[in-house]
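Order of the sequence lines sets the chain letters (A, B, ...), proteins ahead of strands, with each chain counted from 1. Quick caveat, the model's predicted, so the values are computed rather than measured.
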Amino acid sequence: MIRYIQQAWLVLLLALVFGVALAGVNAKLKPMIEANEAKAKKDAALELVPGAKYVEIVKMTLPIKDKQTEEIEVFRVIDGDKKLVGWAFPAEGDGYADVIKLIVGVTADAKTITGMKVIYNQETPGLGNKITETSFRAPFAGKLSLAKLIPAKNKAVADLGPNEIQAVTGATISSRAVCDIIRRRLYRQHLADKLAAMSEEE
Amino acid sequence: MPPQLPNPTQRFIQGILPENPVYRQLLAMCPTLAVTNTIAGAVTMAAATAFVLICANIIASLLRNLLQPHLRILVFTVIIATFVTIADRSLAAFLPEMSQKLGPYIPLIIVNCMIICRCEVCGSKQGVAAAAADAAGQSLGFLGALLSISIIREILGFGTVFQGWAGIEGAGIRVLPESFPNFNLMALPPGAFFTLGILLGVANWIQSARAKKLAA
């Protein structure tokens, strides 16, 4: 035993010293990292809902399969007079390469989508990556929140049906993933109904 | 009589071209291929690697007389892992978008052969001045290599430069006209391999031309 310590003392000492140093670095940087994530979501919420001035965070519990639930933070978006102008909520799901994380904005009665923004993706650069561009995001505004959105190929924006958005050429899976992620939150997890109920109470 | 090890100035100069980590030692291939589709990504990776390499080399040099031969790799790894974690968390705190773009490749600096190689070859054998100079030279060489590949890949693949650079608007400065078709392959892994392969061939050709000239 003594022999092992005689040989390994440096490794053990370094592990201890560096471990403490890293704990210190983490303690200092973790608040900044979490603040960055929160700010990105808040900025997205303010951008997506017209007339937005401030956001308040509301915790909500949504059902997932097998009687389990998940807790998410929904943004209650208000204007300068503290009147409710809309809601913004996070949604995520599997894309082509990795998870896709979105923030989606809806009107105060939660009946219409006001916009969506991709805040995290690892989709193929130049292809699936285009879901972050304004040209892909634009058709989402004005769609009904309970609509089953489908990506339409080779259609001009003016020709899109009420349930259609423009698919990214060569990235059907990424385009469809975004639609599915939104549908899951608003329809299958009943978020649209819940938000409508909450705005009725105001 | 053991061979004389290069002095700090020689170490520095060697690292830039003659012993370039990518084009001559063929190390650090993974980040070279992965993050060079934009210039901003390449520069961030080079900066993070430089930070880790310089710090790790200096610490290894300070500890060189305490290293046990059969445990030295373990010690290097502990040192490198610590600095990589600091670099990774700092990036997530101060440059969140870049951190997200580089994804898993920053933590992967821990297994970047270039760093452990320099610790082994120079850091554990020479004084702090030589170790620091060696790390600086190798880092510059790495930066040069990454820039050479990323300039080609970004201009051909996206038509822009400095896309994603914090400060300049995210889309970068357009260099090729919009009408010019984007060579999409350049933004993807195959483009990385092609570009690296061709540039490696060019580097080898330059080297052999110089050798012939010296021999003549």
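- In A:Tyr96, the OH atom is not crowded: 12 or fewer heavy atoms of neighbouring residues, nucleotides or ligands sit closer than 6.0 Å.
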**Q.** Candidate pair A:Leu14 and B:Thr82, rule side chain to side chain contact (heavy atoms under 4.5 Å, CB included), full reasoning
**A.** CA-CA 10 Å; A:Leu14 285 180; B:Thr82 304; over 6 Å; no

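- A:Leu46 CG: more than 12 foreign heavy atoms inside a 6.0 Å radius.
- Ranked by heavy-atom pairs under 4.5 Å with chain B, the first of A:Asn36, A:Asp98, A:Asn26 is A:Asn36.
- In terms of modelled atom types and a separation under 3.5 Å, the side chain of A:Gln122 and the main chain of B:Lys101 share no donor-acceptor contact.
- Contacts between A:Ile119 and chain B at a heavy-atom distance below 4.5 Å involve the backbone alone (N, CA, C, O).
- Summarising the local packing, NZ of A:Lys41 is surrounded by 12 or fewer heavy atoms from other residues, nucleotides or ligands at distances under 6.0 Å.
- Of all the listed residues (B:Leu63, B:Thr38, B:Ile79, B:Leu74), the one sharing the greatest number of non-hydrogen pairs under 4.5 Å with chain A is B:Ile79.
- Nearest approach of B:Val75 to A:Leu10, heavy atoms of both residues: CG2-CD2, 4.2 Å.
- Summarising the local packing, NZ of B:Lys125 is surrounded by more than 12 heavy atoms from other residues, nucleotides or ligands at distances under 6.0 Å.
- Around atom CG of A:Asn154, no more than 12 heavy atoms belonging to other residues, nucleotides or ligands sit under 6.0 Å away.
- Both the backbone and the side chain of B:Ser90 come within contact range of chain A, each with at least one heavy atom under 4.5 Å from a heavy atom of that chain.
- For a residue to count as touching a neighbouring chain, one of its non-hydrogen atoms must lie under 4.5 Å from one of that chain's; by this rule B:Ile86 touches chain A with backbone and side chain alike.
- Within 6.0 Å of OH in A:Tyr120 there are more than 12 heavy atoms belonging to other residues, nucleotides or ligands.
- Only the side chain of B:Gln68 comes within contact range of chain A, judged by heavy atoms closer than 4.5 Å.
- Two residues are said to be in side-chain contact when any heavy atoms from C-beta on lie closer than 4.5 Å; B:Arg89 and A:Ile33 meet this criterion.
- In this structure, the portion of A:Gln6 lying under 4.5 Å from any heavy atom of chain B is its backbone and not its side chain.
- Contact between A:Ala8 and B:Leu71 at its shortest, heavy atoms only, is CA-CD1, 3.9 Å.
- A:Phe18 places none of its side-chain heavy atoms less than 4.5 Å from the side chain of B:Thr85.
- Within the 4.5 angstrom heavy-atom criterion, only backbone atoms of A:Asn121 (N, CA, C, O) approach chain B.
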